[in-house]
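Read the structure below first, then the notes.
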Amino acid sequence: MTKPSLPELLHAAVTAVGGVERPGQVAMAEAVGQAVEDGSHLLIQAGTGTGKSLGYLVPALAHGEHVVVATATLALQRQLVERDLPRTVEALHPLLRRRPQYAMLKGRSNYLCLHRLHEGMPDDEEDALFDQFEAAAPTSKLGKDLLRLRDWADETETGDRDGLSPGVSDRAWSQVSVSSRECLGASKCAYGAECFAEAARERAKLADVVVTNHALLAIDAIEGAPVLPQHEVLIVDEAHELVSRVTGVATGELTPGQVNRAVRRAAKLVDEKVADALQTAAESFERLMELALPGRLEKIPEDLSYCLMALRDAARTVISALGSTRDKSVQDEDAVRKQALAAVENVHAVAERIAGGSEYDVVWYERHDRFGASLRVAPLSVSGLLREKLFEDRSVVLTSATLKLGGDFNGVGASLGLAPEGTEGEDIPVWRGIDVGSPFDYPKQGILYVAKHLSRPARDGERGDMLDELTELIRAAGGRTLGLFSSMRGAQSAAEELRSRIPEFPILLQGEETLGELIKNFAADPGTCLFGTLSLWQGVDVPGASCQLVVMDKIPFPRPDDPLMSARQKAVEEAGGNGFMAVAATHAALLMAQGAGRLVRASGDRGVVAVLDPRLATARYGSYLRASMPDFWYTVDRNQVRRSLAVIDAAAKASSDPSSGA
């Protein structure tokens, strides 16, 4: 029997999900199929509406070997496992003559731990009130959450936190979950045979396609202990997020609270003298952190260096002691020991890393109003790590709606450790980039308007002319506005001012309600506006008349005092490159491309992206940023834009009015 072709398989899958086959989707499936077949690497930009999930799932399932799909967001993981994969597998089964298996795999702390559920949390002074289910008053929010978790444990098949609806607080979940470092291990745990996390790993080993997240992919690459099953193909969706997620996993942190918690957990298990040395080092660290000022530490100060070495040495002694002492008077000693070991090992690892002073790390103090000061360390770059760990021994496909910045893939490629496209040499991964376009007609569906007449934004300065412009645009649009701000302070002050200026248009503000609830309310009422910051630039999918004006208050460059970004920029400059373009402009281009992508989500959408920062029209880097955004019709004519918005608003009102006959 002849093997079914990729177009045949794609057609069957698209029909099964009730979709429409698009040229870009076909081109994508063929490119992914080719990369999988010849073991090459591929960067593929697929615009909104292409149907990229099926564009990579169909060739992955047809491949017949182990494939890992890593995504950045929970929403896409759910969509793949609950909707796209079941329908696609059913559609392809008759053609493939087999039924491919798929599974979801997450980090251990995402699964309910039966040991902790039944035996309670190891005793810890800070959390002692909430250690056992009985200790939390069943009338309190925490108590109710814990009782509900106990009931849910008898019903759930997966133990996956995301299967619990409605959800519970992080504090409640922490009572019934463990990190991989705190886990006793299936062979030592009384509940090992029933463990939800172990069951998820077993399902993943047997699956043709495993869906996971960027963080677990990063842990698998960085920590050297494989958590993902062996696979021949890796597909990274939402790939524009990968570098920041890997950086997050590779970032270490020390806080006084964290160190003191490690001391408390270890003190009950080791010799008093050993515990006292760690306690003394912890007290010195706490005193230093009280005086810490936010900012980068290009050289580790002498007093901090001594303090970190004392912490490192005392923690190492405690770790050795924890491995040899046993105290049967401690209830459930193995779990208590494992938790103490995890806490002290983290202190040791971060203290040693910072005290070592690697030229490849960036160290800085951070201060938070609520949590106090912390000492942080992150890699100057993750490109070498990704080149070494990601692109060896497997074919890698990276896809997103925004991978071409400034007109090519080289900027994103460089951040992933890839040399410019077409470069060849030993140890240089060979790759190609393709853009399969979008089914949307951007020049006809949208306008990119730059308010060239406004004053340049000054850092944290008041922008009265910007607020005047924003008010007029919202009035012309009849509400229907998504306001994307480069800072939370900017979003809050704009919302406060405009609520008094235009009370007829309700303004929702990020932080005043859960993000899901805000987006739902924004979509439900076309006259409403939604203002917010970072997560709104990338996380809003509201097709139709509720979102016809997307406003960016200014170009979202990183803050000049961001320690990691400024260090990366400086490193590029010292190597002879253009640090501003490689770091700051690339960061801004990615966000602006994502933000502009909020406007057109369906073939009938019409609207305006308004950037209230004249530098997009006047600065030399403006053309690079504009080339990274969808190909909207471009103008700086404020009157033309107001007329266009008024026409779009009138058309939306007419189509929603039953008496209009539209």
Side-chain angles (χ1 to χ4, degrees), residues 72 214-215 217-224 236 239-255 292-301 304-305 308-309 312 346 348-367 373-392 398 405 409-420 423 427-429 534 556-591:
H214 290 181
L217 178 64
I219 291 166
D220 188 71
I222 291 168
E223 299 193 352
V236 183
H240 62 277
E241 286 272 8
L242 184 63
V243 168
S244 66
R245 300 296 169 110
V246 173
T247 301
V249 168
T251 298
E253 181 181 44
L254 275 182
T255 69
L293 296 172
R296 183 184 176 191
L297 301 173
E298 295 207 35
K299 187 175 182 301
I300 307 299
L304 177 60
S305 183
L308 289 170
M309 286 190 282
R312 176 198 63 193
N346 184 61
H348 175 265
V350 180
E352 184 172 55
R353 181 178 172 186
I354 297 174
S358 166
E359 62 180 302
Y360 301 110
D361 272 339
V362 180
V363 181
W364 73 96
Y365 283 129
E366 214 167 81
R367 187 167 285 281
S374 66
L375 180 63
R376 310 196 83 196
V377 56
L380 184 59
S381 168
V382 294
S383 59
L385 177 77
L386 288 171
R387 180 174 60 249
E388 182 189 339
K389 303 288 189 181
L390 208 67
F391 294 96
E392 286 189 359
L398 299 113
L405 300 180
F409 292 94
N410 289 332
V412 169
S415 71
L416 296 164
L418 300 172
T423 305
D427 299 327
I428 296 175
L534 198 57
F557 292 124
R559 289 177 66 93
D561 58 2
D562 182 306
L564 187 54
M565 288 295 197
S566 56
R568 287 176 170 175
Q569 193 164 319
K570 185 178 178 185
V572 172
E573 286 160 3
E574 287 174 350
N578 185 326
F580 171 77
M581 290 303 294
V583 179
T586 298
H587 172 86
L590 191 55
L591 274 177

>> What verdict does the side-chain contact (heavy atoms from CB on, under 4.5 Å) test give for Val382 and Leu242, after you've listed the backbone C-alpha separation in whole Å, the side-chain angles of each residue and the deciding distance to 0.1 Å?
In response: CA-CA 10 Å; Val382 294; Leu242 184 63; over 6 Å; no
> Given Leu398 and Val412, is the side-chain contact (heavy atoms from CB on, under 4.5 Å) satisfied, shown in steps?
Replying inline: CA-CA 10 Å; Leu398 299 113; Val412 169; over 6 Å; no
> Would Val246 and Lys389 count as a side-chain contact (heavy atoms from CB on, under 4.5 Å) if you check the C-alpha gap in whole Å, the side-chain angles of each, and the deciding distance to 0.1 Å?
Replying inline: CA-CA 12 Å; Val246 173; Lys389 303 288 189 181; over 6 Å; no
> Does the side-chain contact (heavy atoms from CB on, under 4.5 Å) test come out yes or no for Tyr365 and Leu293, once each step is laid out?
Replying inline: CA-CA 7 Å; Tyr365 283 129; Leu293 296 172; 5.8 Å; no
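Met309 and Ala355 get closest at one heavy-atom pair: CG-CB, 4.2 Å. Closest heavy-atom contact between Ser381 and Ser383: OG-OG, 2.8 Å. Pairing each heavy atom of Ala567 with each of Val362, the nearest pair is CB-CG2, 3.6 Å. Residues Pro420 and Asn410 come closest through the heavy atom pair CA-OD1, 3.5 Å. The two atoms that bring Pro379 and Asp361 nearest to each other are CA-OD1, 3.5 Å, heavy atoms only. Summarising the geometry of Arg568 relative to Thr247, their closest heavy-atom pair is NH2-OG1, 3.3 Å, with the distance given to 0.1 Å.
The CD atom of Glu573 lies 7.0 Å from the CG atom of Asn578; values are rounded to the nearest 0.5 Å. Interatomic distance, CG of Leu385 versus CG of Leu416, reported as 11.5 Å (0.5 Å rounding). The NE2 atom of His587 lies 9.5 Å from the OG atom of Ser244; values are rounded to the nearest 0.5 Å. Atom CG of Leu254 is separated from atom CG of Asn346 by 7.0 Å, given to the nearest 0.5 angstrom. In this structure, CG in Leu418 is found 9.0 Å from CG in Leu386, a value given to the nearest 0.5 Å. With rounding to the nearest 0.5 Å, the separation of CG in Asp562 from CH2 in Trp364 is 7.5 Å.
A heavy-atom distance below 4.5 Å is found between the side chains of His214 and Val236. Looking at Arg376 and Val363, their side chains never come closer than 4.5 Å, going by heavy atoms from C-beta outward. At a threshold of 4.5 Å between non-hydrogen side-chain atoms, the residues Leu297 and Leu375 count as touching.
Checked by atom type and distance alone, the side chain of Arg245 pairs as donor or acceptor with a backbone atom of Ala72 at under 3.5 Å. Under the 3.5 Å distance criterion, the side-chain polar atoms of Arg387 are left unmatched by any main-chain donor or acceptor of Pro429. Within the 3.5 Å criterion, the main-chain N or O of Ala373 finds no donor-acceptor partner in the side chain of Thr255. Although no hydrogens or angles enter the test, the distance criterion places no donor-acceptor pair under 3.5 Å between the side chain of Arg312 and the main chain of His348.
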